[in-house]
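Here the structure comes first, spelled out in structure tokens, and everything after it is commentary.
Here is how names work: the chains are called A, B, and so on, in the same order as the sequence lines, proteins then strands, and each is numbered from 1.
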Amino acid sequence: MDFLDLENKLKKVLSVTLTDSAGLMFFGTNKYADLSTNFLFLIRKLRTVKDDEVLDGIRASVEQDDELKESISSITILKNGFVNFSVSNKFLENGMNGLLKSGGKPIFDNKSEKVNVEFVSANPTGPLHYGNARSVYGDALANVLKLAGYDVTKEYYVNDAGNQINVLADSVFSKYLELQNLKPLELTESYQGEYITDIAQEILNKDFDKWNSIDYRDYFKKFSVECVIKLIKEDLAFIGIKHDVWVFETSIVEFVPHALRVLENKHLIAKGKLGKIQSDKGLESNEDLLLFLGSKLGDEDRALTKPDGSYTYFANDIGYFYNKLDRGFKWLIVILGADHDGYIKRLYNAVTQLKDDIRMDIKTCQVVLFQKNGENIRFSKRLGNALSLREAVESIGFSVSDFIDSNSSVNTDSTDYNTGKDIFRFMMLNKSLDTHYTVNADKLTEFSMENPFYYLQYAHARISSLVNSTDISQQINLDSLTDSMIELLKLLLNWRKCIESVVRTLEVHKVIHFLLDVAEQFHAIWNEGKIDKSKKWIVDNLQTTHDRVAFASIVGKMIKEGLNVLGIDAYDRL
RNA sequence: GUGCCCGUAGCUCAGGAGGAUAGAGCACAAGAUUCCUAAUCUUGAGGUCAUGGGUUCAAAUCCCUUCGGGCACGCCA
């Protein structure tokens, strides 16, 4: 039993007297109480009541439920109208020993619902760049959902069928010619960057001269995409991401007709003209196209075919999501870049029409702005001047190493950790996806050393040093804890509530903020012990010491579990 | 012009299914360690929550106006 359970139980009891429980809210541990509710405000709206009578009513309800009765020690109503609950020592002690048993891991029922989380899905035309930084959010979100009992699949969709793949193939081929001192292609559009040369060189090393004479494209496409995907996988591994499934656009086109048939049966497809033809791209003729009638769903009509009869990207996407549903997923989550914002509406409209009783959430991440010398940096993948994801991560890791080397009091064992990856993930997961986040490149060191990352790690390291020297049994007595420790315990009992909130809002950064709150209280308690010896974790009394250290171990495990869910290591030493 | 996101302390950002005196880190000022890791803690200063209206017992939070910034507005992907 923790605060999540307590709330749910109280909600059930209290909503009986309300016609509509939608507005019934609970406020977690605050300076007024362990748990508060706006119940009285709501009941006042329904009828004129006397506060005391409402209070008696609540007390009577609580009395009738054994668990509530045991968990709640007092209920009061303040003049301003909040109903405040205090929890009993029994609740705290039971909750604490529950946490001890579960080892910091929030326990949820197995929901066994299949969830697909698609993220990154960058076009396979080059290594990942800094703009893909926020993809770790999708990774962490998938982890949290897994923790909350869902059957989660992390997926990457590879757009290996579009025109930009032709551009990639041409770029590589052109470089391939150049390496042989032959005349390169004259391309209006091409990808630059070392990796293009690397790929071309690799083909050259294999002595594939024959491709000069016949249609080179198919071969160069296939080979180049393979190479680039390898690069992308390495980049992802570098920041701790591994997708469960990679789906190729070329492999799902067969599903497109099936998907379109479903929409057709719902009269959402028709032949027609869009009437918005630009005349400068050789598309003067306004031919009849297959259209998705988004106008029926609050959007605009969208083309499903091109004049040559082939499917548009949109049509292929519908086929792809049909395929996802075909694989049994009930909840589809997609993390897109802000530049795909205008695409969301049509995708959502089409996909949610494919099947009943599914849930779809499309989240966009706003751009991470990168500043150097006080100026914003713009990147272009085409020009090859993009700061790569890898460079960004390494630069963080290196600045940390530099600091460690120059500071003799620091234990250099920490170089065992992939600090760059960990800090990078922490930075990205610490902010809401909606925020327009600015990273100052000139202050990467500052970001490394002054950011809350180490604050949190330091708490974990301190706990590790305590726990290592003590054997921990299965039982902790509440009496052994100081008041501040009990306050911290109350916070810990909100852990599942935090996870539940992430599941509801899909906002992973709440996890870090929760952990930082925990660390803050922990550090404060630690320093109390410096002023008052009786408040230290390790004291003269053996039993007290055991109980306190055991409690600290819960805090440590929770921090570790929380960080691990986010794909970040918890450090035992700094 | 239209759509989405944002505007909270000097800076970077939390808080946002409405709720009690608006928070953190950095930067700034002053303190704390003979003893569990001072990468810590305590205290201080710093705010018209962009603006103007509306809904409500209650608005940083919800709705509308205006202003400012970001990202998009193809039969490309």
Side-chain angles (χ1 to χ4, degrees), chain A residues 22-23 25 27 30-33 36-38 41 44-45 78 80-82 84 123 125 159 161-165 249 273-274 276-278 281 283 286-287 289-291 299-300 302-308 310-314 316-317 337-345 364-367 369 376 403 407 409-411 430-440 443 446-447 449-455 457-459 461-466 469 501 504-505 507 509-510 512-513 516-517 519-520 522-531 533 536-539 545 548-549 552 573-574:
Chain A
M25 296 177 66
F27 312 101
N30 53 57
K31 56 193 154 188
Y32 305 100
S36 311
T37 177
N38 62 348
F41 293 113
R44 277 175 184 165
K45 272 193 177 173
L78 259 59
N80 63 7
F82 285 95
N84 291 328
N123 287 338
T125 54
N159 296 120
N163 187 53
Q164 82 280 34
I165 299 300
E249 186 176 3
K273 306 177 200 301
L274 281 178
K276 285 203 292 186
I277 296 303
Q278 263 86 54
K281 283 266 180 178
L283 294 169
N286 191 352
E287 296 170 46
L289 303 168
L290 207 56
L291 303 179
D299 191 26
E300 291 171 27
R302 306 289 181 175
L304 294 165
T305 54
K306 305 177 196 173
D308 66 4
S310 64
Y311 288 124
T312 61
Y313 172 82
F314 180 42
N316 280 355
D317 245 16
D339 53 338
H340 290 76
D341 200 79
Y343 188 65
I344 292 176
K345 206 171 189 176
T364 54
C365 25
Q366 295 305 315
V367 179
L369 202 62
N376 297 343
F403 182 91
N407 190 329
S409 71
V410 170
N411 191 320
N430 193 15
K431 313 293 180 192
S432 158
L433 270 192
D434 283 336
T435 207
H436 300 251
Y437 185 24
T438 303
V439 174
N440 190 334
K443 292 190 175 176
E446 185 179 310
F447 259 105
M449 290 318 304
E450 307 292 350
N451 79 18
F453 174 81
Y454 278 96
Y455 186 85
Q457 294 288 5
Y458 188 43
R462 275 179 156 176
I463 292 167
S464 293
S465 73
L466 282 180
S469 52
S501 152
R504 179 169 48 81
T505 60
E507 292 178 348
H509 61 278
K510 291 177 193 291
I512 287 192
H513 289 287
L516 284 173
D517 283 346
E520 184 182 354
F522 176 81
H523 283 309
I525 293 168
W526 188 284
N527 282 278
E528 275 180 20
K530 290 179 184 294
I531 296 154
K533 275 189 181 179
K536 291 177 63 162
W537 297 93
I538 296 170
V539 288
T545 298
R548 289 185 182 179
V549 171
R573 276 181 289 180
L574 290 188

B:rU21 -> Watson-Crick or G-U wobble partner, both distances under 3.5 Å, gives none
How far, in whole Å, is B:rA58 from B:rC13 if one measures between their C1' atoms? 27 Å
Please determine if a side-chain N or O atom of A:Arg462 lies less than 4.0 Å away from the OP1 or OP2 oxygen of B:rA38. yes
Does A:His509 make a side-chain N or O approach to OP1 or OP2 of B:rG15 shorter than 4.0 Å? yes
Please pick, from B:rA17, B:rA77, B:rA14, the nucleotide with the shortest atom-to-atom distance to any side-chain atom of A:Arg504. B:rA17
If you check every side-chain atom of A:Val367, which of B:rC5, B:rC71, B:rC36 has the closest atom? B:rC71
For B:rA45 versus B:rG25, give the span between their P atoms, rounded off to a whole number of Å. 15 Å
Looking only at N and O atoms, is any donor in the side chain of A:His436 or the base of B:rC5 less than 3.5 Å from an acceptor on the other one? yes
Return the nucleotide paired to B:rU34: Watson-Crick means purine N1 to pyrimidine N3 with N6-O4 or O6-N4, wobble means G-U with N1-O2 and O6-N3, both under 3.5 Å. none
For A:Asn159, report the nucleic acid contact type (base, sugar-phosphate, nothing); a contact means any heavy atom under 4.0 Å. sugar-phosphate
Considering only B:rU40, B:rG15, B:rA77, which nucleotide approaches the side chain of A:His523 most closely? B:rU40
Determine which nucleotide pairs with B:rU2, using a 3.5 Å limit on both distances of a Watson-Crick or G-U wobble pair. B:rA72
Please report the shortest heavy-atom distance between A:His523 and A:Asn527, naming the atom on each side. O-ND2, 2.9 Å
Using the C1' atom in both, what is the distance from B:rC63 to B:rU55, to the nearest Å? 7 Å
What's A:Ile165 touching, base or sugar-phosphate or nothing? Going by heavy atoms closer than 4.0 Å. nothing
Atom C1', compared across B:rC57 and B:rC67: separation rounded to whole Å: 32 Å
Indicate whether OP1 or OP2 belonging to B:rC76 is found under 4.0 Å from a side-chain N or O atom of A:Tyr311. no
Side chain of A:Thr435 (C-beta onward), nearest among B:rC13, B:rC36, B:rC41: B:rC13
The side chain of A:Lys31 is closest to which nucleotide in this list: B:rC36, B:rU40, B:rU21? B:rU21
Check the angle between the aromatic planes of A:Tyr343 and A:Tyr313 and answer parallel, tilted or perpendicular using the 30° and 60° thresholds. tilted
Looking at A:Thr438, does any N or O in its side chain come under 4.0 Å of the phosphate oxygens OP1/OP2 on B:rC13? yes
Quick check on B:rA38: is either OP1 or OP2 less than 4.0 Å from any side-chain nitrogen or oxygen of A:Trp526? yes
Among B:rA58, B:rC76, B:rG19, which nucleotide has an atom closest to any side-chain atom of A:Phe82? B:rG19
Tell me whether the OP1 or OP2 atom of B:rA77 has a side-chain N or O from A:Thr312 closer than 4.0 Å. no
If we take the P atom in both B:rC49 and B:rA60, what is their distance in whole Å? 7 Å
Any side-chain N or O of A:Lys530 below 4.0 angstrom from OP1/OP2 of B:rU40? no
Is there a Watson-Crick or G-U wobble partner for B:rA39 with both distances under 3.5 Å, and which nucleotide is it? none
In whole Å, measure the gap between the P atoms of B:rU56 and B:rG18 for me. 16 Å
Which atom names give the shortest non-hydrogen contact between A:Lys536 and A:Gly529, and what distance separates them? CG-O, 3.3 Å
Give a yes or no answer on whether the side chain of A:Ser432 reaches the backbone of A:Asp434 with a donor-acceptor pair at less than 3.5 Å. yes
Any idea which heavy atoms bring A:Ala303 and A:Phe314 closest together, and the distance? O-CD2, 3.9 Å
May A:Phe41 be described as stacking on the base of B:rG19, applying a 5.5 Å centroid limit and a 30° limit on plane angle? yes
Could you check A:Asn527 against A:Ser432 and say which one's nearest nucleotide on RNA chain B is further toward the 5' end? A:Ser432
Nearest-Å distance once atom P is located in both B:rU42 and B:rG23: 15 Å
Is there a donor-acceptor pair closer than 3.5 Å between any side-chain N or O of A:Ser310 and the backbone N or O of A:Lys306? no
To the nearest 0.5 Å, what is the distance between CG on A:Asn30 and CG on A:Asn84? 6.5 Å
Counting side-chain heavy atoms from CB outward, which of B:rA58, B:rA14, B:rA77 is closest to A:Lys45? B:rA58
Out of B:rA77, B:rA14, B:rU40, whichever nucleotide has its closest atom nearest the side chain of A:Asn163: B:rA77
Please classify the nucleic acid contact of A:Asp299 as base, sugar-phosphate, or nothing, using heavy-atom distances under 4.0 Å. nothing
Checking A:Thr305 side chain against A:Leu290 main chain: does a donor-acceptor pair fall under 3.5 Å? yes
Measuring from the side chain of A:Lys510 (C-beta onward, heavy atoms only), which nucleotide among B:rG15, B:rC36, B:rC5 has the closest atom? B:rG15
Write down the partner of B:rC49 under the Watson-Crick or G-U wobble criteria, each distance required to be under 3.5 Å. none
Side chain of A:Asp339 only, please: which of B:rA72, B:rA38, B:rU12 is the nearest? B:rA72
Is B:rU65 paired to anything, Watson-Crick or G-U wobble with both distances less than 3.5 Å, and if yes, which nucleotide? none
Give one of base, sugar-phosphate or nothing for A:Lys345, where a contact means two heavy atoms less than 4.0 Å apart. nothing
Watson-Crick or G-U wobble partner of B:rU56, both distances under 3.5 Å: none
So, does A:Ser36 use its side chain to make a donor-acceptor pair with the main chain of A:Phe82 at under 3.5 Å? no
Answer for the Watson-Crick or wobble partner of B:rA14, both distances under 3.5 Å, is none
Considering only the C1' atoms, how many Å lie between B:rU8 and B:rG15, rounded to the nearest integer? 9 Å
Using heavy atoms to find the nearest nucleotide of RNA chain B for A:Thr505 and A:Asn30 separately, return the residue whose nucleotide is more 5′. A:Thr505
A:Lys306 side chain near B:rA77 phosphate (N/O to OP1/OP2, under 4.0 Å): yes
Please work out if A:Tyr343 contacts a base, only the sugar-phosphate, or nothing of the nucleic acid, heavy-atom cut-off 4.0 Å. base
